[in-house]
Q: 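If you scroll down you'll find the structure; I have some questions about it.
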Amino acid sequence: MSTTIAKAYDPRDVEARWYSAWMENGCFAGRMEKGKEPYSIVIPPPNVTGILHMGHVLNNTLQDVIIRRARLEGKAACWIPGTDHAGIATQTMVEKHLRETEGKTRRDLGREEFLKRVWAWREEKGDKILRQLRELGCSCDWERTHFTMDPAYSRSVLTAFVRLFEAGNIYRGKRMVNWCPASLTALSDEEVEMRPTKGFIYRIRYELVEPVGEHTHVVLETTRPETIGADVAVAVHPEDPRFSQLIGKQVWRPLGERAGIPIIGDRAVDMEFGGGALKVTPAHDRVDFEIGQRHDLPVLDCLESNGILNDIAGPELAGLDRFAGRKRAAEVLRESGALLEEKPYENNVGHSQRAGVPIEPRLTWQWWLRYPKVEEAKQVVRDGIVKMHPDRWSKVYLNWLDNIQDWCVSRQLWWGHRIPVWYAKGLERDSLTEADLRDPSKIHVSLDGPPDPENWEREEDVLDTWASSWLWPLATLGWPDAGAQERDGFDTFYPTTTLATGADIIFFWVARMIMAGLEFTSPDLPMERRVPFRHVYFNGIVRDKQGRKMSKTLGNSPDPLDLIHTYGADGLRFGLLQIAPLGQDVKFDETRVESGKNFCNKLWNACRFRQMSGPMADNGSPEAILSRIDPARCDDDDHAILAALLDTTRVLERGFAEFEFANATQRLYSFFWNDFCDWYVEVAKTRVQDETARDHVLALQDLVIRQFLLLFEPFAPFITEELWHLLGYGDDKSFLQDTRLESAETLAAALAGRGLEVEAAASDRVGRLREVATLARQLKAEQGAAQKRDVVFQVLADDASWGGLAPHASKLARLVGAATLERTSAEPALPAVVTPLGTLYLDTGEKVDPAAERARLEKERAEVEKHIVGTDKRLSNQAFLNKAAPSVVEGARRQLETLQAKRDEIDRLLAAL
RNA sequence: GGGGGAUUAGCUCAGUUGGUUAGAGCGCUUGCUUGACAUGCAAGAGGUCGGCAGUUCAAAUCUGCCAUCUCCCA
């Protein structure tokens, strides 16, 4: 603590040093401590092979801010980190690597060998993001790092599956799924993204097998002519008069195998669209599939799983992929005369969120989950047991649950949790009924498999990654293993307190976690104990300056590590939070990060200046500092800065209660920079020269800085820790986080205990002095004397005003750069300005230009007059006097008086010229 | 088609339950190597608060309609 503080803050060394110190001392360990209120967070697990991007920075900074504040409030804080195995993304990445380096596919290697490669990849490249989070300063309990594919975690995933199966919530069914022809797997509805897609719509003529009267054909429109070969009917609305005689007749299929297909009536047909007729292709469209079911139509599949057309599509198309096939189909139809028109068309097409390609509706056998505890999941949010911030997301959440569909949980991948289902050898899987699934001689479902594995074949598919991450708050605390739960403090840390995440995964993850929490905790417990978290904070998306999402492909995302190296982790954290209001998207602006860095440097230098101002005394406890403060010596500036400190403390308390951090950071900024540095430290410079006042003034500064460091620590943990030690607030054996943050209330009480009741009126008086200072500087600048230090201010004031000014005359003179500031009773012929504490005349020693002075005063007078007119108008309105609150009317009256007095004084100055 | 969100200074954003002259950061202009900080200090310019109507003594703030941008769901 005797170390002198360097001239500029250099984050690099400080950050590395403190992070290792925190780690070595187990500062982030989430301990179950009796008597401490728990506060826990689970990290939204990033993709294990992911790297840090700006979205992570925002999301994790918020979590770190919250958890560090909880620590300072004396809570048992626990932030659980970890990563997600990200089935499709990781498998695709490894497959690509395999193809590029060895020219092999996963099938060339076989399942077991391929999985070895994925694990090797994970060992080599995985968890990089967790190391990056450390550079950001994240105070996760790293001992508790989890991975969704770890053995214990896997066991909990499979346990959930088995229990849900036993409860009858899981079934196997051949249904329409969203098929990704790139990843060769089914996807859940949530993984499909509707994108407006430009293409063509084709008007096609289907010839009647036998003409009916003058009808020789039916015309319909489609965007997918390549699937005509799989058409099994043409549907029209049963009440459509245009087609009433045609229902029951047949048309020739214009592509593929030449065959007559029936015209059927079905209410699903939109009479307005495409002439009122619809080609029915049950294998390739959801609506068509349902129509087919209703009319008992066959299912013809013309697409292979990888999107290549087969023989059913017709000899001309077989072997082509679906997009080439579409063009070819149009050509063939044009040649045959069946294509009447081809026009540009835009429609919404489902795309695989991961692979980016259009998905195919495809009929396959999959495992499905009927969501458990749907009603309860709605109830806990409606009742406020789980609170969303901002609250509007509750509506989105409830709406989704109202329209919830069964979840396709199987994925045709290898990387993931293999579904714990065994089929009896030789069993025909394509004809299994619901009853067969419950027949233990045919199907075995368990955690450890059948006792006679040689007679069984395990299901090939794995579970959707989200079917593992929905257990995150449970499994990371040891569920379902009782011993592990005890070890990990399940009863202490579950439910977690706050979840911070992006609204883009409200369905994927948040809603499902709530259902899982309710399903897998004991029904004997109250709902408050069963939900996975009590608060959900939705942070916005970080966008670039043009408002675009940051993405790798656009290359518009700065590398957070670069930002950390340029501005420091604290600067990045603080700067980003300043522009991240609750639930609102953030347009990233690097200048704000720079301003965050500058703020850190300002804090650094203020502390450095404190050190240079006088000897450091005992800062080891608030009591020690308070004992050095002399209440009798407290002047208005002392009262005002303490009032501002208490207010800032309150603003922070409110900010944390409401998750409004942008507001909190701005208050921290303006308090420290404007209230403390620009005013308090400046005025204190004079007092520090006074031997008898020095100790008191410096003690006050020590108190303010101490409280400020505590308030600021969650946002900027590195610099605050460094300064905490440099200024002797803590010894070598402890850390800032070991200190209890005083609330505004306890701090005020501690001050009162020392005989110091903070006087509110002092802030007003200081406010007036600050105004006088600004006006004086303004006058100097206007007179071209800004750089002079030897000017004289003469004050014409009544006794009351002079009484407010006189005690501060010398420090004011110093602040505004004047030799003296003294009272006058004359009316000197000098440039003047009217202030709340009298009229200030500036003597620069130069000759005065009366014309310029007159112009200046008249401009000022016009400005004042404008406001007088406005205020006068309000006050002469009887309705205002009758209806407005008395305090408001009184305020207007006082304002009018002040303005009039000012105008009169300006008039007097003008007359004197 | 249904539902959110946004629109305030050149740029990025604050603005609590309506109430004196709408704020900050960055940028811009001017002057300062004033003994903590040029990552700084001081002063200044810059806004008919998207538009129109309404409620009210009083609207950036509340209500309705419209416009533009954006997100989610179908």
Side-chain angles (χ1 to χ4, degrees), chain A residues 5-10 189-190 193-194 348 390 392-393 395-396 399-400 402-403 503-504 506-507 540-541 543 545 547-549 567-568 571 575 578-581 583-613 651 654 658 660 662-663 665-667 669-670 673-674 677-678 681-682 685 773-782 784-789 814-817 863-864 866-868 870-871 873-885 887-896 898-899:
Chain A
I5 299 177
K7 190 175 171 183
Y9 175 55
D10 177 14
D189 293 346
E190 287 67 35
E193 208 174 82
M194 299 306 282
N348 276 324
R392 61 184 135 85
W393 290 108
K395 271 200 275 179
V396 177
N399 182 263
W400 183 74
D402 283 338
N403 298 295
D504 51 337
I506 185 169
F507 311 135
I541 294 167
R543 299 174 177 280
K545 276 201 139 175
R548 299 175 304 179
K549 247 182 182 170
Y567 303 106
Q578 272 188 294
I579 51 175
Q584 220 55 268
D585 285 358
V586 182
K587 269 190 209 162
F588 182 69
D589 181 354
E590 197 165 321
T591 64
R592 296 303 285 252
V593 180
E594 188 178 4
S595 126
K597 173 195 165 194
N598 294 348
F599 184 65
C600 289
N601 191 58
K602 185 73 179 178
L603 170 64
W604 184 261
N605 272 286
C607 292
R608 173 170 180 248
F609 185 58
R610 158 62 192 94
Q611 201 183 45
M612 293 161 69
S613 297
V651 167
R654 206 158 52 233
E658 292 165 10
E660 285 278 14
N663 194 29
T665 52
Q666 276 160 23
R667 182 66 181 132
Y669 189 99
S670 70
W673 203 307
N674 304 121
C677 292
D678 289 350
V681 174
E682 289 303 323
K685 279 177 180 171
T774 299
L775 289 164
R777 285 167 178 151
Q778 203 175 354
L779 186 59
K780 269 182 80 185
E782 274 165 359
Q787 76 284 12
K788 291 193 178 178
R789 310 291 298 165
R814 183 198 157 103
L815 274 177
V816 303
E863 189 68 16
V864 173
K866 198 175 84 188
H867 294 304
I868 288 175
T871 312
K873 203 174 140 198
R874 287 211 300 156
L875 282 168
S876 49
N877 181 345
Q878 195 57 43
F880 173 68
L881 298 176
N882 292 342
K883 298 189 180 178
S887 63
V888 173
V889 177
E890 186 47 36
R893 287 215 172 95
R894 270 205 309 274
Q895 187 203 357
L896 185 63
T898 311
L899 287 167

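Just the heavy atoms: all of them, side chains too, but no hydrogens, waters or symmetry mates, feed the values below. Labels below follow one simple rule: chain letters A, B, ... track the order of the sequence lines, proteins then strands, and each chain is numbered from 1.
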Q: In Å, rounded to the nearest 0.5 Å, how long is the span from CZ of A:R608 to OG of A:S613?
A: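 Going from the CZ atom of A:R608 to the OG atom of A:S613 covers 11.0 Å.
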Q: Could you pull out all residues at least two apart from A:K788 that satisfy side chain to side chain donor-acceptor pair (under 3.5 Å)?
A: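 Applying side chain to side chain donor-acceptor pair (under 3.5 Å) to A:K788 gives A:E846.
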Q: Stems involving RNA chain B: give each as a range paired with a range, ordered by first number, where a stem means at least three consecutive Watson-Crick or G-U wobble pairs under 3.5 Å.
A: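 The stems are B:1-7 with B:67-73, B:10-13 with B:23-26, B:28-32 with B:40-44, B:50-54 with B:62-66.
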Q: Which residues pass the ring-ring contact (aromatic ring centres under 6.0 Å, His included) test with A:F599, not counting sequence neighbours?
A: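 A:F599: ring-ring contact (aromatic ring centres under 6.0 Å, His included) contacts with A:F574, A:Y669, A:F712.
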Q: Just jot down the side chain to side chain donor-acceptor pair (under 3.5 Å) partners of A:D504, sequence neighbours excluded, or say none.
A: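 Residues passing side chain to side chain donor-acceptor pair (under 3.5 Å) with A:D504: none at all.
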Q: Does B:C32 have its OP1 or OP2 closer than 4.0 Å to a side-chain nitrogen or oxygen of A:K788?
A: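 The answer is no; no side-chain N or O of A:K788 sits under 4.0 Å from OP1 or OP2.
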Q: Please list, chain by chain and in numerical order, all residues satisfying ring-ring contact (aromatic ring centres under 6.0 Å, His included) with A:F507, sequence neighbours excluded.
A: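 Here the qualifying residues are A:W400.
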Q: Looking at residues at least two apart in the chain, or sitting in another chain, which of them share a side chain to side chain donor-acceptor pair (under 3.5 Å) with A:T591?
A: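 A:T591 satisfies side chain to side chain donor-acceptor pair (under 3.5 Å) with A:D589 once adjacent residues are dropped.
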Q: Quick check on B:U39: is either OP1 or OP2 less than 4.0 Å from any side-chain nitrogen or oxygen of A:N605?
A: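 So the side chain of A:N605 is outside the cut-off, no N or O lying under 4.0 Å from OP1 or OP2 of B:U39.
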Q: If you restrict it to nitrogen or oxygen atoms, what contacts under 3.5 Å exist between nucleotides 5-8 of chain B and the protein, and what is each distance?
A:
unit_1	atom_1	unit_2	atom_2	d
B:G5	O2'	A:Q584	OE1	2.8

Q: Mind listing the N/O atom pairs, protein and nucleotides 15-20 of chain B, below 3.5 Å?
A:
unit_1	atom_1	unit_2	atom_2	d
B:U20	O3'	A:Q895	NE2	3.4
B:U20	O2'	A:Q895	NE2	2.8

Q: Under 4.0 angstrom, heavy atoms only, what part of the nucleic acid is A:D678 near: base, sugar-phosphate, or nothing?
A: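 Since only primed, P, OP1 and OP2 atoms lie under 4.0 Å of A:D678, the category is sugar-phosphate.
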Q: Taking the side chain of A:K597 as its heavy atoms from C-beta onward, which of B:G25, B:A36, B:U39 lies nearest to it?
A: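 Within the option list, the nearest is B:U39.
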Q: Polar atom pairs between nucleotides 33-35 of chain B and protein, under 3.5 Å, N or O only, would you list them?
A:
none

Q: Could you go through nucleotides 69-74 of chain B and list every protein N or O atom that sits under 3.5 Å from one of its N or O atoms, giving the distance for each pair?
A:
unit_1	atom_1	unit_2	atom_2	d
B:A74	N6	A:N348	ND2	2.9

Q: Report all interatomic pairs (protein N or O, nucleotide N or O of nucleotides 43-48 of chain B) with separations under 3.5 Å.
A:
unit_1	atom_1	unit_2	atom_2	d
B:G44	OP1	A:Q778	NE2	3.0

Q: Reckon A:K7 touches a base, only the sugar-phosphate, or nothing at all at heavy-atom distances under 4.0 Å?
A: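 It contacts sugar-phosphate atoms only.
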Q: Only counting residues at least two apart or in another chain, list the ones meeting side chain to side chain donor-acceptor pair (under 3.5 Å) with A:D678.
A: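 Checked A:D678 against side chain to side chain donor-acceptor pair (under 3.5 Å); matches are A:N674.
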Q: If you check every side-chain atom of A:N598, which of B:A36, B:C32, B:U39 has the closest atom?
A: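 Looking only at heavy atoms from C-beta outward on A:N598, the closest nucleotide is B:U39.
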Q: Does a side-chain N or O from A:K587 land closer than 4.0 Å to OP1 or OP2 of B:C11, or not?
A: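 For A:K587, the contact criterion (side-chain N or O under 4.0 Å from OP1 or OP2 of B:C11) is not met.
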Q: Any idea which of B:G40, B:G31, B:G25 is nearest the A:K602 side chain?
A: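 Nucleotide nearest to A:K602's side chain: B:G40.
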